[in-house]
Amino acid sequence: MFNLEKLIRANILALTPYSSARDEFKGEAKVFLDANENSFGSPAGDSHNRYPDPMQKNLKDRLSAIKGVPAGNIFLGNGSDEVIDILFRVFCEPGRDNVIIVPPTYGMYEVSANINAVEVRKVPLTAEFQLNVEGISESVDENTKLIFICSPNNPTGNSIDRDDVEFVLNNFNGIVAVDEAYINYSRQKSFIAELTEYPNLVVMQTLSKAWGLAGVRIGMLFASDEIIAVMNKVKPPYNIGTPAQELALNALNRIQEVNEWIRSTVSERDRLVRQLAHNLLIRKIYPSDANFLLVKVDEPKKVYNYLVDKGIIIRDRSGVTLCEGCLRITVGTPAENEMLITELNNYSKQFSFNQ
Ligand SMILES: *Cc1c(COP(=O)(O)O)cnc(C)c1O
């Protein structure tokens, strides 16, 4: 049986959270002398002398309308990276608890575990980059608190089979964190719709990818009221600044434009696949549900360095589990993709002359 209280660290369960001035008085007033702000103003203009809304109410209301989730089931972090860190701090007792990750996957789960002195158990994906469900079951013990599943997965690009994720949700009494950073590029349904079904599910999304706000730092977590409440207790009171909240709110009104970029990205991704398929250098192009492609080549470091020389930076993932020989390429604009294809074709010609 799932028992949230048993999963939460004792010190967090007992924690009296910091009560900020903005928590204690929320209404309208003529004079605010409660937060030791600079009453004269701010050199940054507007009302930047004031602390931001600690609960990001306007932004959550807008996200609630877009995502079809009550605002009370949304937690916002300073990027997903902060969301991940807070999951560790809420659920994992340093030096005792463990989490399961399924490499190759996003690197921050492991780094965040290491920062929090939490053991990481690795159950690699299968050769098809799917979950090894049996291996996961075998690795779980009474101190396993979190399982991270990234879908579509970074750096492989594929979506994880839904049935397998549901199997884990049904058979694990800890928290299953499904990271959907790339969901906007996928035909897969978001797991947000399953939140009412699974009390142990948390879904992470971000404004950093499709929404084009990587510099603004807004990560989202969707979960039960109870999980959101404990996350709010642990987060720094003012974790998202007013400029970030305002920029994000305005950006969320431009959904049409963002959807257009998503369509263009997906069509450019498919074009890149067709073009790269002609290149003799490329041994394999993995199917992608994201805004990047994982490709296998013979000499990844040479290809990487050649492209750097031409001013084009991609990601060398050849050192990563199950990604031997692999490079990760973000889908660019049509002009950027054209430059990439041209340079890879040039390299390929040079390479065949050298044989
Ligand atoms: C890029 C990415 C994120 C986004 O992190 P932010 O801190 O929100 O920018 C989260 N998860 C995965 C798997 C990613 O690739």
Side-chain angles (χ1 to χ4, degrees), residues 1-17 75 77 80-126 130-151 153-154 160 163-180 191 194-195 197-204 219 221-236 320-322:
M1 269 297 289
F2 180 73
N3 181 338
L4 184 63
E5 287 210 354
K6 255 183 62 188
L7 284 178
I8 297 168
R9 292 166 65 202
N11 63 313
I12 301 301
L13 212 49
L15 179 71
T16 307
F75 172 85
S80 305
D81 295 343
E82 187 182 50
V83 174
I84 294 165
D85 179 64
I86 293 176
L87 283 172
F88 277 100
R89 291 201 278 159
V90 166
F91 293 109
C92 300
E93 195 60 40
R96 184 196 74 188
D97 290 336
N98 67 75
V99 302
I100 292 177
I101 67 168
V102 291
T105 193
Y106 187 46
M108 271 314 285
Y109 314 138
E110 184 171 6
V111 172
S112 208
N114 289 338
I115 290 169
N116 286 287
V118 170
E119 180 199 346
V120 177
R121 299 190 171 178
K122 296 181 186 177
V123 182
L125 296 173
T126 65
Q130 290 299 330
L131 294 183
N132 171 1
V133 172
E134 223 168 82
I136 291 173
S137 301
E138 283 164 12
S139 296
V140 169
D141 69 12
E142 72 273 15
N143 294 324
T144 306
K145 295 302 183 71
L146 295 165
I147 299 179
F148 286 95
I149 298 172
C150 184
S151 180
N153 188 37
N154 177 6
I160 303 298
D163 292 346
D164 288 347
V165 179
E166 295 201 16
F167 184 88
V168 175
L169 280 163
N170 280 314
N171 291 282
F172 175 55
N173 285 326
I175 302 291
V176 180
V178 178
D179 188 342
E180 297 185 336
F191 264 91
E194 315 306 322
L195 281 173
E197 200 75 25
Y198 299 105
N200 59 336
L201 169 65
V202 305
V203 179
M204 291 187 277
L221 180 108
F222 304 91
S224 69
D225 300 340
E226 294 81 5
I227 293 177
I228 299 297
V230 68
M231 299 278 294
N232 280 334
K233 245 168 60 155
V234 171
K235 81 176 183 75
V320 169
T321 319
L322 295 176

Quick one, [X] and [Y] - any side-chain contact, counting heavy atoms below 4.5 Å?
{"X": "Phe191", "Y": "Leu169", "value": "yes"}
{"X": "Val140", "Y": "Asn171", "value": "no"}
{"X": "Ile227", "Y": "Phe222", "value": "no"}

**Message:** Would you say the rings of Phe88 and Phe148 are close, in the sense that their centroids are separated by under 6.0 Å?
**Reply:** yes

For the atom pair [atom1] ([X]) and [atom2] ([Y]), what is the distance rounded to the nearest 0.5 Å?
{"X": "Asn98", "Y": "Glu142", "atom1": "CG", "atom2": "CD", "value": "9.0 Å"}
{"X": "Phe167", "Y": "Glu134", "atom1": "CZ", "atom2": "CD", "value": "8.5 Å"}
{"X": "Ile136", "Y": "Leu131", "atom1": "CD1", "atom2": "CG", "value": "4.5 Å"}
{"X": "Ile160", "Y": "Cys150", "atom1": "CD1", "atom2": "SG", "value": "8.0 Å"}
{"X": "Ser139", "Y": "Ile100", "atom1": "OG", "atom2": "CD1", "value": "5.0 Å"}
{"X": "Leu125", "Y": "Ile149", "atom1": "CG", "atom2": "CD1", "value": "9.5 Å"}

Do you know which two heavy atoms are closest between [X] and [Y], and how far apart they sit?
{"X": "Asn132", "Y": "Pro124", "answer": "CB-O, 3.8 Å"}
{"X": "Arg89", "Y": "Arg9", "answer": "O-NH1, 2.7 Å"}
{"X": "Ile12", "Y": "Lys233", "answer": "O-NZ, 3.0 Å"}
{"X": "Lys235", "Y": "Phe75", "answer": "CD-CE1, 3.6 Å"}
{"X": "Arg96", "Y": "Lys145", "answer": "NH2-NZ, 3.5 Å"}
{"X": "Cys92", "Y": "Val99", "answer": "SG-CG1, 3.7 Å"}

Would a distance-only check, ignoring hydrogens and angles, find a side-chain to backbone donor-acceptor pair under 3.5 Å from [X] to [Y]?
{"X": "Glu82", "Y": "Gly219", "value": "no"}
{"X": "Asn200", "Y": "Phe172", "value": "yes"}
{"X": "Asn153", "Y": "Pro104", "value": "yes"}

**Message:** What verdict does the side chain to side chain contact (heavy atoms under 4.5 Å, CB included) test give for Asp179 and Tyr109, after you've listed the backbone C-alpha separation in whole Å, the side-chain angles of each residue and the deciding distance to 0.1 Å?
**Reply:** CA-CA 10 Å; Asp179 188 342; Tyr109 314 138; 2.7 Å; yes

**Asked** Does CG in Asn11 sit with more than 12 non-hydrogen atoms of other residues, nucleotides or ligands closer than 6.0 Å?
**Response** yes

**Prompt:** Just checking, any donor-acceptor pair under 3.5 angstrom between side chains of Asn3 and Asn173?
**Reply:** no

**Request:** Could you check Asp141 against Arg121 for salt bridge (charged side-chain N to carboxylate O under 4.0 Å, His left out), going step by step and ending with a plain yes or no?
**Result:** CA-CA 11 Å; Asp141 69 12; Arg121 299 190 171 178; 3.0 Å; yes

**Asked** Hey, which of Ile8, Val230, Val90 is the one that makes side chain to side chain contact (heavy atoms under 4.5 Å, CB included) with Leu13?
**Response** Ile8

**Set of residues satisfying side-chain hydrogen bond (donor to acceptor under 3.5 Å, both in side chains) with respect to Gln130, sequence neighbours excluded** = none

**Request:** Show your reasoning for whether side chain to side chain contact (heavy atoms under 4.5 Å, CB included) applies to Ile84 and Tyr106.
**Result:** CA-CA 11 Å; Ile84 294 165; Tyr106 187 46; 4.0 Å; yes

**Complete:** Sequence neighbours excluded, the answer for side-chain contact (heavy atoms from CB on, under 4.5 Å) partners of Lys122 is Ile101, Pro103, Glu110, Val120

